[in-house]
Amino acid sequence: MAEPEQSERRLRPAPLLFEPSEAAADPEHFFDLESIEDPRYLLSRATELTLAFRAATDRAVEFQAMAAAQLADPRRFDRLTPAEIAERAEWTEDYARKMIEFGRDLLRGITP
């Protein structure tokens, strides 16, 4: 991954605000976007949320990878096999192996 993309990925776009439970129960309600009438503002806010969700997804995947690597660590007496990790995370075994390796790189401080 190119260096500028790496620094862009670490930016924290619009904060993800949690919605009240009564708003979350309404399937038409999504971060109050449905109430925005100005299409310029709607595009801007929807774009901010898109970037925030992408950043959150990237970060969560990194944490998944690090956890997988820790669970597969051969020094652990209770280590898990890639198949066991795959089952817990609902991944394929091949994907689990790749995530374990990615997590090991992250834990060693190697950035992709």
Side-chain angles (χ1 to χ4, degrees):
M1 181 179 293
E3 199 60 38
E5 286 181 28
Q6 179 69 18
S7 62
E8 285 176 27
R9 194 176 83 173
R10 293 291 181 195
L11 293 179
R12 294 183 188 224
L16 292 177
L17 304 176
F18 292 97
E19 298 185 280
S21 58
E22 58 275 358
D26 179 5
E28 297 299 315
H29 186 82
F30 187 72
F31 288 89
D32 210 28
L33 293 179
E34 71 287 343
S35 69
I36 299 173
E37 294 184 18
D38 177 1
R40 287 180 183 92
Y41 180 64
L42 178 59
L43 178 62
S44 174
R45 183 64 182 140
T47 300
E48 287 175 346
L49 285 169
T50 299
L51 295 173
F53 283 125
R54 284 181 187 157
T57 299
D58 289 345
R59 194 70 180 124
V61 167
E62 289 175 354
F63 279 105
Q64 280 184 310
M66 289 186 291
Q70 290 170 335
L71 289 170
D73 188 334
R75 295 172 294 183
R76 289 179 62 111
F77 76 94
D78 61 344
R79 79 177 177 148
L80 299 178
T81 66
E84 291 168 324
I85 292 170
E87 184 178 337
R88 286 177 183 230
E90 298 181 10
W91 297 332
T92 65
E93 192 171 338
D94 185 52
Y95 186 74
R97 282 190 198 95
K98 290 176 185 179
M99 286 293 279
I100 291 165
E101 190 57 40
F102 177 49
R104 287 177 178 153
D105 288 347
L106 289 172
L107 291 170
R108 284 192 299 257
I110 301 170
T111 13

Original post:
Roughly how far, to the nearest 0.5 Å, is the CD atom of E87 from the CG atom of L80?
Top reply: 10.0 Å

Original post:
Are E62 and R59 ion-paired here, with the side-chain N under 4.0 Å from a carboxylate O?
Top reply: yes

**OP:** Show your working on side-chain contact (heavy atoms from CB on, under 4.5 Å) between E101 and K98 and close with a plain yes or no.
**Re:** CA-CA 5 Å; E101 190 57 40; K98 290 176 185 179; 5.8 Å; no

Subject >> Pairwise distance OG1(T50) to CZ(R45) - rounded to 0.5 angstrom >> reply: 10.0 Å

Subject >> Atom of A86, atom of A96 and distance for their closest heavy-atom approach >> reply: CB-CB, 3.8 Å

Original post:
Which pair of non-hydrogen atoms, one from D73 and one from R79, has the smallest distance, and what is that distance?
Top reply: O-CB, 3.2 Å

**OP:** Nearest 0.5 Å please: distance from the CG atom of L33 over to the CG atom of L43.
**Re:** 11.0 Å

Original post:
Just how far is it from atom CZ of R104 to atom CG of L106, taken to the nearest 0.5 Å?
Top reply: 12.5 Å

Subject >> Close side-chain approach of Q64 and W91, heavy atoms under 4.5 Å >> reply: yes

Subject >> Over 12 non-hydrogen atoms of neighbours within 6.0 angstrom of CZ in R76 >> reply: yes

**OP:** Over all heavy atoms of both residues, which pair between I85 and A68 is shortest? Give the atoms and the distance, please.
**Re:** CD1-O, 3.5 Å

Original post:
Sub-3.5 Å donor-acceptor pair from the side chain of T57 to the main-chain atoms of F53, do we have one?
Top reply: yes

Original post:
Is any NZ, NE, NH1 or NH2 atom of the basic residue among D58 and R54 found under 4.0 Å from an Asp or Glu carboxylate oxygen of the other?
Top reply: no

Subject >> Non-hydrogen atoms of A69 and L107 that approach each other most closely >> reply: CB-CD1, 3.9 Å

Subject >> Test: E84 and R88 ion pair at under 4.0 Å >> reply: no

**OP:** State, yes or no, whether a side-chain contact exists between E93 and T81 at a heavy-atom distance under 4.5 Å.
**Re:** no

